[in-house]
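Here's the structure we're looking at; comments come further down.
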Amino acid sequence: MATGARPGAPAAHRNPGPTLVGVLKLRHSCSDGAGRTASRADAMMAGEQHDRHERTTCVVVGGGPAGIVTALLLARAGVEVTVLEKHGDFLRDFRGDTVHPSTLRLLDELGLFPAFDAVAHSRIERVRLPTASGEQVTVADFTRLPLAHPYVAMAPQWDLLSLLAEAGAREPAFRLEMNAEVTGLLRGGRDGTRVTGVRYSTPVGEHELRADVTIAADGRWSVARAAAGLAVREFPMNIDVWWFRIPTARGIGAALLPRSAGGRPFIVIPRNGYAQVAHLIPKGADASLRARGIEALRADLALAVPELADAVGAVSFDDVKMLDVRLSRVRRWYTSGFLCIGDAAHAMSPMGGVGINLAVQDGVATARLLAGPLLSRTLSDRRVAAVERRRRLPTVLTQALQRAMHVPLGRMLRTGSALRAPAPLLALLRIAPALAVVPAAIVGVGVRPERAPAFARRSPPGAGTDGAPRDYPGRDGQTAEE
């Protein structure tokens with residue numbers, strides 16, 4: 001969402017420039033309670049000593065959740081994979097900070113949950129909406145999910161990505177290049193239309209990298225997707241979002257708090273030492289609302305969230321970042337030798353915070369289906385298309401639900417009505433409070449959650465095993481165990 005340096009990060013870590021080039025062997029050099037950073041000296045040494053490959057089996061464009069998960073799982077299968085990330089670090093604030101129960105379960109399966117759990121994070125266990133009488137009603141209860149981690153973890157995305165990149169760096173087949181910006185695609189094959197790799201630039205020059213398959217995981221404004229000529233369907237959206245934080249030591253519990261004042265809705269998310277706030281605004285209204293002045297925003301906040309009224313004075317427009325809300329989907333996710341996943345295939349609304357988790361599930365499905373054929377050099381376009389066939393339905397259904405949720409939001413913004421729990425939902429929950437598990441499952445688990453393939457699973461350190469994979473994929477990407 002908003003971009004920029006990590007708040008509180010040492011100045012030397014805010015703009016690392018061209019030093020993170022080559023194989024990134026992440027080590028934790030410091031911790032400020034909010035996250036961790038990489039050792040610059042190790043990264044520079046790796047970059048200097050690295051002999052650039054001109055060919056790899058799979059090249060992944062983009063080092064976000066979809067790209068890193070795909071690369072990690074493929075590398076654990078033994079597939080040579082290179083990730084090209086245009087930025088020099090992962091420090092982008094409020095960028096998909098929700099880690100849902102389905103992703104927490106995946107981290108367990110990969111042997112990474114203990115490391116994630118050690119990262120500073122907060123938990124959302126319930127979503128509550130106000131009624132006309134002012135009562136707060138639980139409409140989604142994650143604690144009722146029959147899972148080991150029945151909550152949404154709120155952790156800076158840079159911590160999650162660093163953890164996944166560290167796990168990847170332990171795999172001989174994994175390579176991550178930072179400050180490596182893809183500028184175009186290579187073509188070949190009998191008719192010259194098959195994607196055979198990428199062109200990319202680094203601070204030391206221009207490069208070409210050939211691969212059996214190119215995976216675009218470079219976000220909603222995907223350069224790789226545009227170069228492949230894949231058409232995108234855009235759905236009309238009626239809101240944008242202001243993201244900002246309110247520093248406060250006051251505890252606000254473990255529930256997501258949607259509030260409103262004068263038809264101005266705020267979503268308050270509990271974090272460590274501050275409240276993260278999403279202010280839903282009419283589409284295109286950023287400039288006119290800023291013209292009202294910061295005092296108007298502070299007054300709206302104090303009215304909507306009275307328990308934080310004494311802290312809203314710290315909010316300034318310098319800290320308010322605007323997210324241009326978009327909902328889109330690629331009409332076809334693939335072409336010969338090329339596949340889109342994550343936001344490059346489907347940009348999501350922030351409603352429910354499901355974007356990062358769909359992207360992660362895309363990555364798991366991609367690795368499961370493509371690992372075997374990549375290892376045996378038998379990858380076909382039909383196999384690449386199978387990823388879209390598996391992931392399209394969950395994407396379509398999730399986006400349909402998000403579009404439905406935007407209808408009452410748009411009406412509320414137009415009419416200035418208060419944010420309230422829908423009366424039919426309240427009636428159901430009064431009869432059967434356990435039904436609050438249904439929206440929790442839809443948001444927290446999803447339509448078609450993906451499980452880690454056996455070849456990618458590991459036991460966490462200290463669990464009494466050598467951490468070796470249980471099996472390797474065959475030609476079809478599955479294992480005998482599965």
Side-chain angles (χ1 to χ4, degrees), residues 1-4 93-98 127-132 139 219-221 232-246 256-269 275-306 308-309 312 315-329 343 346-356 398-423 425 439 443:
M1 294 181 183
T3 60
D93 203 12
F94 294 156
R95 179 72 62 86
D97 289 354
T98 53
V127 178
R128 291 177 176 151
L129 288 176
T131 66
V139 296
R220 62 180 60 192
W221 308 113
V232 179
R233 180 184 180 187
E234 294 276 355
F235 298 95
M237 286 284 97
N238 51 14
I239 68 165
D240 287 325
V241 176
W242 277 357
W243 282 111
F244 55 94
R245 65 182 64 208
I246 302 177
L256 192 73
L257 302 175
R259 302 287 186 84
S260 67
R264 304 185 187 278
F266 298 88
I267 313 297
V268 183
I269 305 169
Q276 180 178 337
V277 180
H279 180 24
L280 311 185
I281 65 175
K283 191 73 177 174
D286 177 68
S288 61
L289 289 177
R290 287 179 187 268
R292 294 175 65 230
I294 192 62
E295 290 303 328
L297 174 60
R298 291 170 179 168
D300 290 340
L301 266 170
L303 186 60
V305 195
L308 295 179
V312 299
V315 177
S316 75
F317 275 137
D318 290 340
D319 303 318
V320 175
K321 310 300 181 183
M322 201 276 287
L323 171 67
D324 178 12
V325 174
R326 305 182 74 87
L327 193 74
S328 64
R329 188 169 64 243
D343 280 3
H346 45 74
M348 309 299 292
S349 158
M351 299 301 297
V354 297
I356 178 178
T398 304
Q399 288 186 327
L401 178 61
Q402 287 191 324
R403 292 169 66 192
M405 293 171 68
H406 276 267
V407 173
L409 281 176
R411 184 183 309 118
M412 180 178 63
L413 290 173
R414 288 194 309 271
T415 62
S417 55
L419 180 64
R420 296 283 184 264
L425 179 60
V443 171

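The shown structure was predicted, so the numbers you read here are calculated from the model rather than taken from an experiment. The basis for the numbers below is simple: all heavy atoms, side chains too, and nothing from hydrogens, waters or symmetry mates.
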Taking the side chain as C-beta and beyond, is there a heavy-atom pair between [X] and [Y] under 4.5 Å?
X: Leu323; Y: Asp240; answer: no
X: Leu280; Y: Leu409; answer: yes
X: Ile281; Y: Trp242; answer: yes
X: Leu289; Y: Arg264; answer: yes
X: Phe244; Y: Lys321; answer: no

side-chain contact (heavy atoms from CB on, under 4.5 Å) between Asp97 and Gln276, intermediate numbers included | CA-CA 10 Å; Asp97 289 354; Gln276 180 178 337; 4.1 Å; yes
Evaluate the ring planes of His279 and Phe266, with Trp represented by its six-membered ring, and classify them as parallel (under 30°), tilted (30 to 60°) or perpendicular (over 60°).
-> parallel
What do the steps show when you test Leu297 against Val320 for side-chain contact (heavy atoms from CB on, under 4.5 Å), and what is the final call?
-> CA-CA 11 Å; Leu297 174 60; Val320 175; 4.2 Å; yes
[X] versus [Y], closest heavy-atom pair with distance:
X: Leu413; Y: Asn238; answer: CD1-O, 4.4 Å
X: Gln402; Y: Met348; answer: OE1-CE, 3.5 Å
X: Val315; Y: Arg245; answer: CG2-O, 4.1 Å
X: Pro350; Y: Val241; answer: CG-CG2, 3.9 Å
X: Pro265; Y: Met412; answer: CG-CE, 3.4 Å
X: Ser349; Y: Leu327; answer: N-CD1, 3.4 Å

Applying side-chain hydrogen bond (donor to acceptor under 3.5 Å, both in side chains), name anything that partners Arg128, two or more places apart in sequence or on another chain.
->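 If we apply the side-chain hydrogen bond (donor to acceptor under 3.5 Å, both in side chains) test to Arg128, skipping adjacent residues, the hits are Thr138.
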With sequence neighbours left out, write down each residue that passes side-chain hydrogen bond (donor to acceptor under 3.5 Å, both in side chains) with Arg292, or none if nothing qualifies.
->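 Listed in chain order: Asp300.
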Output, in order, the C-alpha distance, side-chain angles, deciding distance and verdict of side-chain contact (heavy atoms from CB on, under 4.5 Å) for Arg220 and Val232.
-> CA-CA 10 Å; Arg220 62 180 60 192; Val232 179; over 6 Å; no
Side chains of Ser328 and His346: donor-acceptor distance under 3.5 Å anywhere?
->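 No - no donor-acceptor pair under 3.5 Å links their side chains.
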For Lys283 and Gly410, indicate whether the former's side chain and the latter's backbone hold a donor-acceptor pair under 3.5 Å.
->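 Between the backbone of Gly410 and the side chain of Lys283 there is no qualifying donor-acceptor contact (under 3.5 Å).
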Counterpart residues, salt bridge (Lys or Arg N to Asp or Glu O under 4.0 Å), relative to Arg290 (two or more places apart) |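 For Arg290 the salt bridge (Lys or Arg N to Asp or Glu O under 4.0 Å) partners, ignoring immediate neighbours, are Asp286.
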Walk me through it: do Leu301 and Leu308 pass the test side-chain contact (heavy atoms from CB on, under 4.5 Å)?
-> CA-CA 8 Å; Leu301 266 170; Leu308 295 179; over 6 Å; no
